[in-house]
Asker: 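Provided herewith is a single structure, encoded as C-alpha cells, for subsequent inquiry.
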There are 2 protein chains.
Amino acid sequence: MPTRTSAQRRETARDAHRAAVSLCPTNRVLDRLGERWVGLVLKELEAGPLRHSDLARALAGASQKMLTHTLRELERDGLVRRTVTASVPVRVDYALTPLGESLLPVVHAVTRWAQEHVQEIDAARQAYDAEN
Amino acid sequence: MPTRTSAQRRETARDAHRAAVSLCPTNRVLDRLGERWVGLVLKELEAGPLRHSDLARALAGASQKMLTHTLRELERDGLVRRTVTASVPVRVDYALTPLGESLLPVVHAVTRWAQEHVQEIDAARQAYDAEN
DNA sequence: CCGTATCCACAAGGATACTG
DNA sequence: CAGTATCCTTGTGGATACGG
C-alpha cells in the first residue's frame, strides 16, 4: 500500500471535496441562480407565460445562444415549461412550472435583501478600495 | 445623424441592457452567491469566526488562491471582517460582519428550498434526458 | 420565428513555487 | 501561518452564419 506522497493525499482530498460540493443541493441551486440570465428570465416569467421573441426583447443583453441555453437548462431542471405551437411561423411559449413558481419566494428574498443592503455594500467597497 | 444599421442599433441596445443588468442589486448579489466558494464560506463562518487555516481545511476543494480571493471579495463587500493578529507566526481570523449575518436568512431560504426540491429537479432531469 | 452549429475571446479558476 | 506571483488550463459566454 504504496507510499503516497502528501501531495497525492491532498489531491485526493481535493477531488473528494469537490465532488461533494457539486452534489450539494444548495450549491447546485446557487450555481443555477448565479448564471448570468437565470434570475432575469425567472423575473420575466413571473407575470405569466411569454413567447420566445418576447423574452428576447426583454433580455436584450443576452445572445440568442445564451437565451436558448438558459431556457433549456431551466426546462431541464423542471422550472420552466416549453410549449411549441406548430403554426407557421412556429410559436414557442415559456412558462414557469409549479416548481419554478415555488422558487420565486426565494428569489424575492434575495431581491429584498439586495435592495435593502446595496448601499452598505457600495459603502464597504468604497472604504475598502480607498485604503488598498 | 448618421445612418446606423440595424446591427449597430442592436449592439447599442445590448450594451445598455448589459450595463443595467450588471448594476441591478439582485444580480450583483446572485453573482456573488453564485461564485464557487462563497456559499460554503458563509456557511462555515456562520457558527463563528475561523482562522484562515481552519477555512482551508473546511474547504479542502478550494485552491489557496481561490480561498483568499473569495475572502477578499467578501471582505470588500463588507460581509466578512478580516482580523490580523501580529504574532509569530501570524494569525488571521475571519468573521461575518452584521451585514454578512443579515444575509444568512437568505442563504437559508435557498438551502431550505434546495433540500425540499432536489428530488423534483433530479426527476425532471432524468425525464428530460430520457427523451432528448 | 425559433432555433442550431461553428468558431472564438476572455475571464475564472487552478498548480506550483516562493516570501514576510 | 498566511499570503503572492506566475504560468497554464478550462469553461462560459458571445459573434456570426445557417437551417427547419
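First the proteins, then the strands, lettered A, B, ... as listed; each starts at 1.
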Asker: If we ignore angles and hydrogens, is there a donor and acceptor under 3.5 Å between the side chains of A/T26 and B/K43?
Answerer: no
Asker: Over how many whole Å does the gap from B/D15 atom CG to D/dG14 atom P extend?
Answerer: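 Those two atoms, CG and P, are 11 Å apart.
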Asker: Tell me whether A/R57 is salt-bridged to A/D54, with the criterion being a basic N under 4.0 Å from an acidic carboxylate O.
Answerer: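 Judged by the 4.0 Å cut-off on N to carboxylate O distance, A/R57 and A/D54 do form a salt bridge.
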Asker: Would you mind building the protein contact string for nucleotides 2-11 of chain D? One character per nucleotide, 5' to 3', B for base within reach (heavy atoms under 4.0 Å), S for sugar-phosphate only, - for untouched.
Answerer: SBS-------
Asker: Can you tell me how far C1' of C/dC2 sits from NE2 of A/H69, to the nearest Å?
Answerer: 17 Å
Asker: Is there a side-chain contact between A/S102 and B/H117 (heavy atoms, below 4.5 Å)?
Answerer: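 Heavy-atom side-chain distance check passes, below 4.5 Å.
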Asker: For B/M66 and C/dA11, give me the distance from atom CE to atom P, rounded to whole Å.
Answerer: 15 Å
Asker: As a test of understanding, state which of B/R28, B/R72, B/R32 forms a salt bridge (charged side-chain N to carboxylate O under 4.0 Å, His left out) with B/D77.
Answerer: B/R32
Asker: Within the side chain of A/T85, is there an N or O that forms a donor-acceptor pair under 3.5 Å with the backbone of A/S87?
Answerer: no
Asker: Evaluate the side-chain proximity of A/R125 to A/I121: yes if any heavy-atom separation is below 4.5 Å, no if none is.
Answerer: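 In short, these two side chains touch, coming nearer than 4.5 Å.
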Asker: Using atom CZ of B/R18 as one end and atom P of D/dG13 as the other, report the distance to the nearest whole Å.
Answerer: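 It is 11 Å, rounded to the nearest whole Å.
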Asker: Please list residues of residues 26-50 of chain B whose heavy atoms come under 4.0 Å from any atom in DNA chain D, ordered by number; otherwise none.
Answerer: none
Asker: Hydrogens and angles aside, do A/H108 and A/E46 bring a side-chain donor and acceptor to less than 3.5 Å of each other?
Answerer: yes
Asker: Parallel, tilted or perpendicular for B/H52 and B/Y94, by the 30°/60° rule?
Answerer: tilted
Asker: Between A/R14 (CZ) and C/dG14 (C1'), how many Å, whole number?
Answerer: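 In whole Å, C/dG14 C1' lies 8 Å from A/R14 CZ.
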